[in-house]
Amino acid sequence: MSFVLKRSELDQLVTVLREDGYQVYGPVVVDRAIRYRRIDSIDELAIGVRDVQGPGRYSLVERADDAIFGHTVGVTSLKDLFFPPRRAVWTAARDGDSYRFEPAAPTGARVAVIGARSCELAAMSIHDTVLLGGEYVDADYEARRKAGFIVSIDCTEPGEVCFCASMGTGPGADGGFDLAMTELRVDGGWEYVGRYGTQRGEAILERVEHRVPDQIEIGQARSAVSAAAGAMGRELTVTGLPEFLASHRQHPSWADIADRCLACGNCTQACPTCFCVSTIDTSSLDGATMTHDVRWDSCFSLDFSFMGGRPQRASIDARYRQWLTHKLSGWVEQFGSSGCVGCGRCITWCPVGIDFTAEIPRMMERIDG
Amino acid sequence: MGKPSLAVWKFASCDGCQLSLLDLEDRLLDIAEAVDIAHFPEASTAHADGPYTVSLVEGSITTPRDADRIRAVRHQSELVVAIGACATAGGIQALRNLADSDEFVRTVYATPTYIDSLATSTPISDHIEVDIELRGCPVSKIQLLDVVGALLAGRKPDLPTYPVCIECKARGVSCVMVAGGIACLGPITQAGCGAICPAYDRGCYGCFGPAETVNVASLAWQWRELGIEDEALVRSLRTFNTAAPAFAAASAAIEDR
């Protein structure tokens, strides 16, 4: 089943979602980059803008046309919306000589996202496994996920740091959306050739003017996405990679990378799948109430491996190795997939531009040579 | 049992950190409710003698008299919290540590009879045992309030030692260095400010001092890529935290190269 929207009808979709009580988010230019921000209309989106990304480099340029989704992923991801940087887990209130503990109230926020990319849906599916698939379920994440509505946009113009085709996570979305669309230039205008992912998606779209696409339009959308798969800026050979990393913990390249690595943690914070957190307690000055929060942390922080009176990963190479081998190797064993979706954020937002798609082949060559 | 007492002490400083405490405005009454404010020169001339439960110490040690005075503070205080870049690293006045302070005195004062200063400006922890250090020029009032609350509740204060970058990303701020080509000390500077400067599209200028891990050689390489000379990096490292060991060593190493 599929549909086509005109641009004005895409705006109707935003209106319908808002009528249903959703907070609608989409890619917006904020300061110098694209990030998810709440919108009331598609006019607020990053229209006519293309992002130029590279290792440690990001800039926005004007497009020749006024495509709404003519850019790739921004600095933030769905993680920021569904697994926010800080949230309360429980609160405690003094009750006589003891404290009464209450789980944090579940978020009432219903978030709808317009313009999520397939790599981000893959990342969210990984979060589902990690945060909901085990013995302990992250109730806050679960509530946000259940309430969320996802409209994904297929990528037709991958960027310089994109390698979702290598990771099998894009450029078109296979699932994990309520509605998915391809933005197509047709006769000087724009069409959004879409497909349904859920009944909920169908129910929402019923309330938006639309028509059924012809086979030519469906074919055009498909070929735009498959052409994009061949236009990735980066690639990564994943066959044998988990085994390679697991068996080369003493490789000399780790120290070379550590010479450049700032241990700043930008890669982990920008990564749509990194989920490590630490806990923080706060209290009112009179001690009547306390709050226990979780906050994003990073395996690059010293405190994160503090055990037995000292950080277990004191050197930068130990920390970089931990991050990369967990992401690309240990993750497979632990969660059944790679922890990388090929979005390239860790490459772009590394202030010194460390690019593991370049480092890994170099490491392999050093062994072979 | 009486209320815990709080004393605020000033050494060589601009009073900005004390002002951060006053700037808590709507929380001041809660603080006054929770503790007896025994000494706080920026706020009041009233003074109560010690001992004190908590002493907040602003400023660095720059005179022989202050070197004695800080020992008296320690003696009377259960807990000493050094607040701000002066108290934790010697402040901007520690630039004198790199120069001939006698020459400054001769140049500035016609008759320097009453000038009795030390050749260096040093952090409080060089003189006495310090229980907690709050970084920043000035300190973050949120951290200041959190520390007071933590000490009252007997819990651990929230003082992360990772870099500012973590707070930038948590705020959803795009990196000013990556997206703007702006020189930023964020990757080597300790968090705690909430990434104020990058949120206003400026580079971090390092007022919270060195983060737990400092790789200045790599940052210098990146700044050169952005067209910023090493000399500018040395100047950036020699501001509020010029004498913080990691910044001092890094700026000297770049200069020696």
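Here is the naming used below: chain letters follow the sequence lines, and residue numbers restart at 1 for every chain. Values in this document were obtained by computation on a predicted structure and should not be read as measured data.
Contacts between Thr76(A) and chain B at a heavy-atom distance below 4.5 Å involve the side chain alone, from C-beta outward. Using a 4.5 Å cut-off between heavy atoms, Ile182(B) contacts chain A through its side chain alone, with no backbone atom that close. Leu145(B) touches chain A through backbone and side chain together, each having a heavy atom under 4.5 Å away. Using a 4.5 Å cut-off between heavy atoms, Leu219(B) contacts chain A through both its backbone and its side chain. For Asp146(B), the part lying under 4.5 angstrom from a heavy atom of chain A is the side chain only. For chain A, the nearby parts of Ala179(B) are the backbone and the side chain; heavy atoms of each come within less than 4.5 Å.
Between chain A and the options Val178(B), Asp201(B), Asn215(B), Asp158(B), heavy-atom pairs under 4.5 Å are most frequent for Val178(B). Ranked by heavy-atom pairs under 4.5 Å with chain A, the list Cys184(B), Cys165(B), Gly180(B), Cys168(B) is led by Cys165(B). Interface check for chain A: of the options Gly149(B), Ala170(B), Gly186(B), Ala211(B), the most heavy-atom pairs under 4.5 Å are formed by Ala170(B).
Of all non-hydrogen atoms in Gln143(B) and Pro160(B), the two that sit nearest each other are NE2-CD, 4.2 Å. Here the shortest heavy-atom pairing between Leu45(A) and Phe69(A) reads CD1-CZ, 4.2 Å.
Relative ring orientation between Trp323(A) and Phe300(A) is described as tilted, the plane-to-plane angle lying within the 30° to 60° band. The aromatic rings of His127(A) and Phe275(A) sit perpendicular, their planes meeting at an angle over 60°, well past the 30° parallel limit.
In this model, no donor atom of one side chain and acceptor atom of the other lie less than 3.5 Å apart for Lys79(A) and Thr273(A).
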